[in-house]
4 protein chains.
Amino acid sequence: MLKRLPRVVREQQMLDAAVKVFARRGFHTASMDEIAEVAGISKPMVYAYLGTKDELFVACLRREATRLMEAVAAGVRPTARPDEQLWNGLRAFFAFVGAHRDGWRVLYRQARSEPQFTGELAGMRARIVEVVAGLLESACAAAAVPARPGDFTAMAYAYVGAAESLADWLADHEEEDPDHTATRMMNFVWVGAESLLRGRIWRAQEGPSR
Amino acid sequence: MLKRLPRVVREQQMLDAAVKVFARRGFHTASMDEIAEVAGISKPMVYAYLGTKDELFVACLRREATRLMEAVAAGVRPTARPDEQLWNGLRAFFAFVGAHRDGWRVLYRQARSEPQFTGELAGMRARIVEVVAGLLESACAAAAVPARPGDFTAMAYAYVGAAESLADWLADHEEEDPDHTATRMMNFVWVGAESLLRGRIWRAQEGPSR
Amino acid sequence: MLKRLPRVVREQQMLDAAVKVFARRGFHTASMDEIAEVAGISKPMVYAYLGTKDELFVACLRREATRLMEAVAAGVRPTARPDEQLWNGLRAFFAFVGAHRDGWRVLYRQARSEPQFTGELAGMRARIVEVVAGLLESACAAAAVPARPGDFTAMAYAYVGAAESLADWLADHEEEDPDHTATRMMNFVWVGAESLLRGRIWRAQEGPSR
Amino acid sequence: MLKRLPRVVREQQMLDAAVKVFARRGFHTASMDEIAEVAGISKPMVYAYLGTKDELFVACLRREATRLMEAVAAGVRPTARPDEQLWNGLRAFFAFVGAHRDGWRVLYRQARSEPQFTGELAGMRARIVEVVAGLLESACAAAAVPARPGDFTAMAYAYVGAAESLADWLADHEEEDPDHTATRMMNFVWVGAESLLRGRIWRAQEGPSR
DNA sequence: AATGAATGAGCTTTCATTCAT
DNA sequence: CATGAATGAAAGCTCATTCAT
């Protein structure tokens with residue numbers, strides 16, 4: 001109990017514990033008591049180092065988000081073929097989620113439902129959406145397909161949503177293989193995206209009957 | 001206050017109030033006091049009619065889910081063209097979400113983050129996924145495309161995820177037109193789906209390089 | 001424990017308990033737990049009826065101040081002789097303090113040291129000071145003594161201070177007789193005041209030597 | 001921070017800091033953390049040198065009281081005229097309070113409201129009261145007025161109370177001139193006192209009607 | 001049927017105080 | 001000598017839930 005550890009170490013222990021507990025219990029049900037206990041430290045230390053429960057949660061959020069972004073960025077090495085780039089990104093993404101299931105739960109399940117963190121989360125997501133939109137755009141340029149700029153973001157939004165949904169599912173299924181999930185996602189997305197980027201558009205046959 | 005109303009009516013009032021408050025505040029932050037107040041009724045009545053806070057929430061969940069399913073079912077009249085069927089389903093879905101934003105928030109934002117309701121929610125979602133999978137399968141059959149049964153469910157899962165993601169976004173943007181959102185969704189989904197169902201498959205060029 | 005009492009009764013019980021505990025322990029050291037216990041009721045009731053600890057304290061303050069003012073007002077019946085009026089006021093004042101020692105402690109010891117209540121208290125005191133200043137002025141008029149208006153307030157301030165000081169002392173000495181204290185006060189004040197109002201003024205012989 | 005200073009110096013720094021913080025925040029709200037920080041020293045040092053929070057507060061109290069007594073004593077040089085003596089004492093007193101507003105706040109506002117320090121404070125005040133009573137007595141002797149010994153203390157008590165009240169007010173009004181306050185006090189007190197010492201006594205006309 | 005009154009239990013947060021280095 | 005690290009203990013406040021009327 002009296003192991004005097006340097007601050008940085010303790011902070012990581014606490015964040016680990018917090019992510020675990022937040023993921024297991026949900027933000028509100030999680031108690032600072034349990035977090036401290038799991039971290040193997042007394043409550044006041046948590047407050048001293050990481051502040052309020054809200055602040056602690058945001059700290060978790062940021063750490064996990066940063067790690068995720070870094071993992072994906074490390075996965076996406078610029079290569080010639082845009083589909084390969086996307087594929088690498090997706091693999092990295094799902095691999096990360098598979099390896100950090102708790103972190104993902106905190107990130108995309110808890111954070112989303114707490115009004116206080118909406119802002120923080122929206123920012124993170126916006127960054128990701130823009131990355132994806134960039135990938136789409138460069139893919140489009142590579143394929144010499146004319147496209148309207150605004151649509152990339154909208155498409156990216158839907159794709160990110162689909163990926164999140166699969167990731168959520170992955171987080172809850174221990175047995176599932178991340179690469180398999182990534183392949184699945186790639187299939188949905190890419191085949192559709194390619195057609196779309198080639199100019200195919202679906203349109204309701206007759207005008208809206210309403 | 002002393003209006004002796006038949007039980008069924010009272011229950012609906014309470015559920016209306018509960019959905020509103022849960023959506024506005026989130027499950028934990030919502031207080032039984034406020035719900036009772038918004039329902040214009042005293043707290044013990046809420047307990048007498050709808051039980052515990054958890055039970056009350058589940059009741060909300062079920063009512064909203066049922067309504068949603070019914071709305072979608074009413075939208076999807078069996079017609080010849082499978083894309084049309086999907087389109088009708090999506091329109092009904094987004095129209096419902098657009099018209100019942102509060103209900104949607106309760107359903108997919110609050111319920112998802114509270115571990116206690118995961119089971120309930122998973123069941124609902126599974127039902128929807130199976131409906132969508134059924135649509136895909138019949139579409140596939142209509143196009144005389146050979147397909148492996150298990151994949152329909154997986155595809156359906158991703159599509160549902162994408163739809164949820166868009167619905168979530170719709171719920172937060174008052175100005176957005178549900179039909180517009182439905183069209184967007186249809187484009188992503190259908191164009192990709194059609195190709196997939198025709199047998200196009202994306203596959204990593206070389207074996208996983210990692 | 002389950003004696004269902006009407007709200008008004010309970011509120012008075014609580015205020016009684018609060019005044020007692022605040023007086024005994026001081027504002028900070030007093031705990032809501034102890035107040036509730038002394039009131040013979042559970043903590044949440046205190047919060048439900050009287051609000052926050054701060055608000056509870058202000059409620060005590062107001063009740064005691066009101067009672068004090070009323071007691072004094074009831075004592076000072078307008079009579080011909082201004083010294084008699086003052087004397088009656090002082091008697092009523094010290095009698096009240098003697099009978100409500102706890103209330104006085106809350107009022108003038110606790111309230112004064114807590115920055116949050118300075119405003120509230122200043123208002124009360126200002127009202128008293130003005131009453132006293134009025135007495136002085138009418139006495140002055142009755143004695144046909146010319147006086148500068150601003151000075152009444154300043155004099156009143158000092159007199160009120162002296163009275164408070166004596167009252168404080170009275171509050172701490174169970175054995176002391178309020179009437180005796182009042183007589184003492186009257187002697188200091190009146191004899192001095194009378195001379196002052198007659199125009200006697202003390203002035204430093206030579207200029208300030210500093 | 002690592003300036004190895006002799007113990008006495010350090011202690012003064014700490015007391016300075018403590019007085020400042022106690023005055024600014026009040027006894028309870030003041031935290032040892034803040035005191036240590038303001039003193040530019042680590043918390044354990046404070047404990048090592050000056051002990052517990054209570055002990056620290058008492059130390060402040062004593063230092064300030066001693067300084068005050070010394071300042072007043074230095075002001076009151078024995079001269080022939082007793083009013084001059086009193087005047088000098090008052091001037092010194094208010095000058096000190098004006099110059100050490102923080103100290104005064106600690107002394108007479110905080111200490112008075114904390115039950116734990118009542119004893120300490122009562123002792124200090126008793127010493128002052130006796131000094132004043134001594135002045136009164138010698139003045140009385142000089143004027144060859146017969147007086148009952150016990151009354152000097154009682155009178156002194158009231159005068160000290162009035163002075164404290166004015167000092168309190170002075171402590172809160174930066175712009176006020178101490179000498180002005182002293183003059184005011186002198187007027188109230190002396191004119192009344194002189195008459196009293198000459199044997200004038202106010203007495204209720206008829207017996208107490210209660 | 002309907003409600004004001006009542007509470008047990010729990011949570012976040014803060015602080016004085018002390019080790020171990 | 002000096003301090004960062006660590007904690008026990010308590011306080012304010014809230015809430016779901018239930019009686020008694």
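Letters go in sequence order (proteins before strands), and every chain restarts at 1.
For B:Arg10, a side-chain nitrogen or oxygen approaches OP1 or OP2 of E:dA2 to under 4.0 Å. The side chain of D:Arg7 contributes no N or O atom lying less than 4.0 Å from OP1 or OP2 of F:dC1. Checking the phosphate oxygens (OP1, OP2) of F:dT17, a side-chain nitrogen or oxygen of B:Thr52 falls inside 4.0 Å. The side chain of B:Tyr49 contributes no N or O atom lying less than 4.0 Å from OP1 or OP2 of E:dA1. Look at A:Tyr47 and you won't find any side-chain N or O under 4.0 angstrom from OP1 or OP2 of E:dC15.
When both distances must be under 3.5 Å, the Watson-Crick or G-U wobble mate of F:dA20 is E:dT3. Across all strands shown, the partner of E:dG8 is F:dC15, judged by Watson-Crick or G-U wobble contacts whose two distances both fall under 3.5 Å.
Nearest nucleotide to the C:Lys53 side chain, out of E:dT17, F:dA16, F:dG12: F:dG12. The side chain of D:Pro44 lies closest to F:dT3, out of F:dT3, E:dT12, F:dA16.
The CD-C1' distance, from D:Glu37 to F:dT3, rounds to 15 Å in whole Å. Protein atom CZ of C:Arg25 is 13 Å distant from nucleotide atom P of F:dA10, rounded to whole Å. With rounding to whole Å, D:Asp33 atom CG is found 14 Å from F:dT3 atom P. Atom CD of A:Gln13 and atom P of F:dA6 are 9 Å apart (whole Å). Between B:Ile41 atom CD1 and E:dA2 atom C1' the separation is 9 Å, expressed in whole Å. Separating the CE atom of D:Met45 from the C1' atom of E:dT17 is a distance of 16 Å, rounded to the nearest angstrom. Taking atom CG of C:Leu5 as the reference point, atom P of E:dT7 lies 10 Å away to the nearest angstrom. For the pair B:Leu50 CG and F:dA16 P, the interatomic distance rounds to 15 Å; values are reported in whole Å.
Both C:Ser42 and D:Thr29 sit near DNA chain E, but only C:Ser42 has its closest nucleotide nearer the 5' end. Heavy-atom distances to DNA chain E give each of A:Phe27 and D:Gly51 a nearest nucleotide, and the one nearer the 5′ end belongs to A:Phe27. When the nearest nucleotides of DNA chain F are assigned to A:Ala48 and C:Met32 by heavy-atom distance, the more 5′-ward of the two goes with A:Ala48.
Among the heavy atoms of the strands, none lies under 4.0 Å from A:Ala36.
Judged purely by atom type and a 3.5 angstrom limit, B:Arg25 has no side-chain atom pairing as donor or acceptor with the backbone of B:Ser31. A:Gln110 places a side-chain N or O within donor-acceptor distance of the main-chain N or O of B:Ser113, the cut-off being under 3.5 Å.
Side chain D:Lys43 to base E:dT17: a donor-acceptor pair is found below 3.5 Å.
When side chains are defined from C-beta on, D:Leu121 does not count as touching D:Arg125, because their heavy atoms never get closer than 4.5 Å.
Taking the six-membered ring where tryptophan is involved, the planes of A:Phe57 and A:Phe27 are perpendicular, since the angle between them exceeds 60° and thus also 30°.
The pair A:Asp102-A:Arg24 fails the salt-bridge criterion, with no side-chain N (NZ, NE, NH1 or NH2) lying under 4.0 Å from an Asp/Glu carboxylate O. The residues C:Arg63 and C:Glu11 are annotated as not salt-bridged, no charged nitrogen and carboxylate oxygen being separated by less than 4.0 angstrom.
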